[in-house]
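Labels below follow one simple rule: chain letters A, B, ... track the order of the sequence lines, proteins then strands, and each chain is numbered from 1. Being a predicted model, the structure only gives us computed values, none of them experimental.
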Amino acid sequence: MNETFENRANLPDKLLKPYNSQETEGPIYKMWEESGFFNPDVCIEKGVTKADAKPFTVIMPPPNANGRLHVGHALFVTLEDIMTRFNRMQGKRTLWVPGADHAGFETQIVYERKLEKEGRSRFEMTPEQLYKEIYDFTIENKKYMEDDVRRLGASCDWSREKFTLDPDIVKNVQQTFDKMFKDDLIYRGDRIVNWCSKHQTSLSEVETEYLEKADPFYYFQYGPFVIGTARPETKFGDKYVVMHPDDKRYAEFKHGDKLTVEWINGPIETTIIKDTAIDMEFGTGVMTITPWHSQVDFEIAERHGLDKEQIIDWKGKLLPIAEEFAGIHISKARPLIIEKMQSKGLVVKVDNDYKHNVKTCYKCNTVIEPQIKDQWFVKMRPLADRALEAVNAGKIKFIPNNYEKIFKYWMENTIDWNISRQIVWGIPIPAKICSKCKKGYSDPDDIMTTCDCGGELVKDTDTFDTWFSSGQWTLLALGYPDSKDVDVYHPTSVMETGHDLIFKWIPRMVIFALYLKNEIAFETVYLHGLVNDEKGQKMSKSKGNVLSPIDLSDQFGTDALRMALVVGNTPGNDLALSKDKIKAYSKFANKMWNATRFVLENIHGMDLSAPIEFDQEDQISIDELKTLIKEITQEMEEYKFYIVSEKLYHAFWDTFAGTILERCKVKITEDRNAKSAKWTLYIYLTTLVKALHPFMPFITEELWSIIPQMTEDKKLLMIESWPESV
RNA sequence: GCGGGAUUAGCUCAGUUGGUAGAGCAACUCGUUUACACCGAGAAGGUCGCAAGUUCGAGUCUUGCAUCCCGCACCA
């Protein structure tokens, strides 16, 4: 009793109280950051890492500079930090590059709302003025996101942080465009885009969503045919009528036949087109086409070389081709058109119960109007072939590996990529367009004035699709092409990101690294799933089930949150995150704290420089520990963090604290000098604390600072070596 | 329609090359003798979606079916 009391007197006060994550985590992170060891150059300078050590590189998928982190971010920070810390402890030259994303459209929308509140509008500003304001706004907000990343314990090298609109990034992305233009991999062409008439921009597929809508479906008499449509307002220019070549009902009509039909504004000449795109089962099996405002119609028109006319302008109003309806917004025009058609006796019937999916803007739900627009395109085929070749040669490993198949499918079926966006907040496309013949030129140095045809060249006002720049991110984040970091740290070791990015991001990084540097972008792709709520439902603001990682960290500690995100979370699968699970790991943190208290009380005064002695029973336990370390080291290298974390949890709680500690307690009570027992406790504790460090970096670092060491030069745990398995 | 995934204890999920079914949480019983009640001890809980096949042996391999989720395509 007395001795215990005496021993306790030698322990730091904080160890005598329950573990307090809130008091611990802030100072620990500060200490790490001030040590400089997040930077591999510092590790080499201070002799922590050998200069010729193998590099291990992770590029952080840059979070939106303008937002706080959500639990999905917490998952990627945790996984990448585990890899980074593990490899650093293994003595590799370890670099994790943080970043911040300008998040193009997303941020512009946030800023537009702000402008709206202030009674302003982006349409009253010059693009340069708007860009500057959003830039300042974003840079100002960026620190909140960075602080969140710090809170989660990320051991990334802040000195190398990159923002996706840093001037050198902008310059280098524009250089890539120029190179691709000169290599004939970029061309300008007319294509259908998803046009949002509210935001006045085209949108990529991922920026649109489908909403089910019930609309009347009209059947109109069109000469000898009855055609069905849900969009009568597009029908003014319909001078082609299309049917399936095998449709016996219309066998008497031949491809290319012309006939005159009575239509909305009087008689028009129409041409018969036969095309297999027509579904004979749908409607009457006949349709008229509007190539300017429909992807399918556009493709039919391309196949047969048909005329394309714009019917609806960029604001959603009808053009002069609509004659008496010109200038009327399509939403108002529809009933007027139907009224006129009815008066002319052209309406055959109306199906009021027609449900279909309508593409809408994901931000404002405005119905997307397909429009033809002059855009820049990347020729994907030659680039995709190289990517396929690299993956087929086994140069890139996918975790889980079924994503390799998905990747290949995507690369085999890729279509040319539209990289033009009509938003201000992005990297400007360094191009000039001829105002006369519409020909486009790359002009990054802004020196061209006259087109080959003699027309005046004007600056392209569009910006790049965000994936054009983020596709180059493994290189750009390392300072390509000027920094020597590119030579040392590229190809990167792992790209860890969400499985939804298997289409959007992963292939583009593979393509650009091969194109620009003739290297794979990364050796391994690790894809995580979504973090859902405890019932497995997607977190969303409208459901009110969104958990903030920062709140969870306040409540339970970052270490507990990290464990809850990792244990049992297999790659590629979605995770159900419950507060109960996080709470369980905060109890675990306390268990570690209390067990350490017991060990330190009991080994007090033990000579740590004396030879290690184990009796037979303890030797078996030590051997088991070595076996465990061997197993988990291999599993760490295989990225099986979900199993390693669970094994360490049980090794600490059940094996160590539950069994060995109790056994040693008895021995020490019997013999105060029980060396074998004391050494067993010490070795177990220090080994498990080390092994747990990548998962629970804060509490392990804190414990490490309290535990007496065998060697004189006491280091931070983050740069200690990973336990040996021998 | 094409592709991918899932189906194991009440819930959320592990289960590596085939060899007696696992964890966390929840629920149950008992216990506060000094690391820890943010604890300990104990018990309970599953025809591994269904059917067939390969095998001495199948949660695991093969085939078919069912249900669910996700992605892509289509929607005049």
Margin query: As a test of understanding, state which of A:Trp593, A:Phe588, A:Trp704 forms a side-chain contact (heavy atoms from CB on, under 4.5 Å) with A:Ile699.
Written below: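 The side-chain contact (heavy atoms from CB on, under 4.5 Å) with A:Ile699 is passed solely by A:Trp593 among A:Trp593, A:Phe588, A:Trp704.
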
Taking the minimum atom-to-atom distance to the side chain of [X], which one of [options] wins?
X: A:Tyr649; options: B:rG5, B:rG15, B:rG24; result: B:rG24
X: A:Lys665; options: B:rC39, B:rA76, B:rA35; result: B:rA35
X: A:Lys587; options: B:rG4, B:rC36, B:rC38; result: B:rC38
X: A:Glu662; options: B:rC36, B:rC38, B:rA14; result: B:rC36
X: A:Asn573; options: B:rA14, B:rA23, B:rG71; result: B:rA14
X: A:Tyr409; options: B:rA26, B:rC2, B:rA76; result: B:rC2
X: A:Asn402; options: B:rA14, B:rG4, B:rA35; result: B:rG4
X: A:Trp653; options: B:rC39, B:rA76, B:rC13; result: B:rC39
X: A:Ala576; options: B:rG3, B:rC13, B:rC25; result: B:rC13
X: A:His650; options: B:rA14, B:rA35, B:rG24; result: B:rG24

Check: For A:Pro18 and A:His499, take the nucleotide of RNA chain B holding the closest heavy atom to each; which residue's nucleotide lies nearer the 5' end?
Finding: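 Its nearest nucleotide lies further toward 5', so the answer is A:Pro18.
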
Check: For A:Asp279, which contact category applies under a 4.0 Å heavy-atom criterion: base, sugar-phosphate, or nothing?
Finding: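 Answer is base: heavy atoms of A:Asp279 come under 4.0 Å of a base.
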
Check: Which stems does RNA chain B form, counting runs of 3 or more consecutive Watson-Crick or G-U wobble pairs with both distances under 3.5 Å?
Finding: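 Correct response: B:1-7 with B:66-72, B:10-13 with B:22-25, B:28-31 with B:39-42, B:49-53 with B:61-65.
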
Margin query: Counting only heavy atoms and a strict 4.0 angstrom limit, can you tell me which residues of residues 286-309 of chain A come near RNA chain B?
Written below: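 Going residue by residue through residues 286-309 of chain A, the ones with a heavy atom under 4.0 Å of RNA chain B turn out to be A:Met287, A:Val296.
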
Checklist line | Distance below 4.0 Å between A:Tyr642 side-chain N/O and B:rG15 OP1 or OP2 | finding: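 Yes, because at least one side-chain N or O of A:Tyr642 sits under 4.0 Å from OP1 or OP2 of B:rG15.
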
Notebook entry, point to check: B:rC36 base to A:Lys591 side chain: any donor-acceptor pair below 3.5 Å?
Noted result: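 Indeed, a donor on one side and an acceptor on the other fall under 3.5 Å apart.
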
